Engineer: 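Structure in C-alpha cells, see below.
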Amino acid sequence: QVQLVESGGGLVQAGGSLRLSCLASGRIFSNYGMGWLRQAPGKEREFVAAIDWSGTRTLYGDSVKGRFTISRDNAKNTLYLQMNSLKPEDTAVYYCATGSTGRGTRDFDYWGQGTQVTVSS
C-alpha cells in the first residue's frame with residue numbers, strides 16, 4: 001500500500017519561506033516521478049511542481065517558477081518543496097503525489113493527505 005505523508009506546513013508572513021517534506025512508502029520511491037499540487041478554498045487543484053525519478057528533470061507551474069524548488073532524496077524516500085518569497089495567494093493545502101512528471105493533476109495515481117500552508121499579508 002502506497003503512503004505519502006506530508007509535513008512542514010504552517011503559518012508564515014508574506015516574503016517568508018517554508019520547506020515541505022513528503023515521506024513515501026509502499027513502492028520503490030526511486031522508480032517514480034513525484035509532484036506537488038495545491039488547492040485553495042473554492043478553487044480547483046493546481047499543479048505546483050514535478051520531478052523525474054532521478055531528480056535531474058523538474059517542471060514548475062507558472063505561478064511559482066523562480067520562487068519554489070522541488071527536490072528529492074531517493075535514499076530517504078523523501079520529496080521536498082522549498083518555498084521562498086511566499087505570497088498570500090500561495091495559501092492552500094499542499095499535496096504530495098506520485099506517478100507522474102507532468103502538469104496534469106489527474107495523472108498522479110497516489111496522493112498524500114495534504115498539509116496546510118497559510119501566508120499572511
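Hydrogens, waters and symmetry mates are skipped; everything else that's a heavy atom, side chains included, is used. This is a predicted model, so every value here is computed, not measured.
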Engineer: Whether the side chain of Glu6 engages the backbone of Gln113 through a donor-acceptor N/O pair (distance < 3.5 Å, no angle test) should be reported.
Structural biologist: yes

Engineer: Can you pull the salt bridge (Lys or Arg N to Asp or Glu O under 4.0 Å) pairs that have at least one residue in residues 49-60, sequence neighbours excluded?
Structural biologist: none

Engineer: Look only at the side chain of Asn74 and the backbone of Ile28, and say whether a donor-acceptor pair between them is shorter than 3.5 Å.
Structural biologist: no

Engineer: Angle between ring planes, Phe68 versus Tyr94, binned at 30° and 60°: parallel, tilted or perpendicular?
Structural biologist: tilted

Engineer: Identify, with sequence neighbours excluded, every residue that meets salt bridge (Lys or Arg N to Asp or Glu O under 4.0 Å) alongside Asp109.
Structural biologist: Arg27

Engineer: With a 4.5 Å cut-off on side-chain heavy atoms, are Met34 and Leu4 touching?
Structural biologist: yes

Engineer: Run the side chain to side chain contact (heavy atoms under 4.5 Å, CB included) test on Gln116 and Thr91 for me, step by step, so that the C-alpha distance in whole Å, both residues' side-chain angles and the decisive distance to 0.1 Å come before the verdict.
Structural biologist: CA-CA 8 Å; Gln116 177 70 46; Thr91 295; 4.0 Å; yes

Engineer: Does Val117 form a side chain to side chain contact (heavy atoms under 4.5 Å, CB included) with Leu20? I'd like the steps, not just the answer.
Structural biologist: CA-CA 9 Å; Val117 171; Leu20 305 184; 4.1 Å; yes

Engineer: Under a 4.0 Å threshold between the charged nitrogen and the carboxylate oxygen, would Lys87 count as salt-bridged to Asp90?
Structural biologist: no

Engineer: Tyr60 side chain to Ile70 main-chain N or O, any donor-acceptor pair under 3.5 Å?
Structural biologist: yes

Engineer: NZ of Lys43: more than 12 outside heavy atoms within 6.0 angstrom?
Structural biologist: no

Engineer: Could you see if Leu18 belongs to whatever hydrophobic cluster contains Val93? Use Ile, Leu, Val, Met, Phe, Trp, Tyr and a side-chain cutoff under 4.5 Å.
Structural biologist: no

Engineer: Hey, are the side chains of Arg45 and Phe108 touching, using non-hydrogen atoms and a 4.5 Å cut-off?
Structural biologist: no

Engineer: Is there a donor-acceptor pair closer than 3.5 Å between any side-chain N or O of Thr101 and the backbone N or O of Ala50?
Structural biologist: no

Engineer: When you look at CH2 of Trp111, are more than 12 heavy atoms from neighbouring residues, nucleotides or ligands closer to it than 6.0 Å?
Structural biologist: yes

Engineer: Check for a donor-acceptor pair, side chain of Glu46 on one end and backbone N or O of Arg38 on the other, with a separation under 3.5 Å.
Structural biologist: no

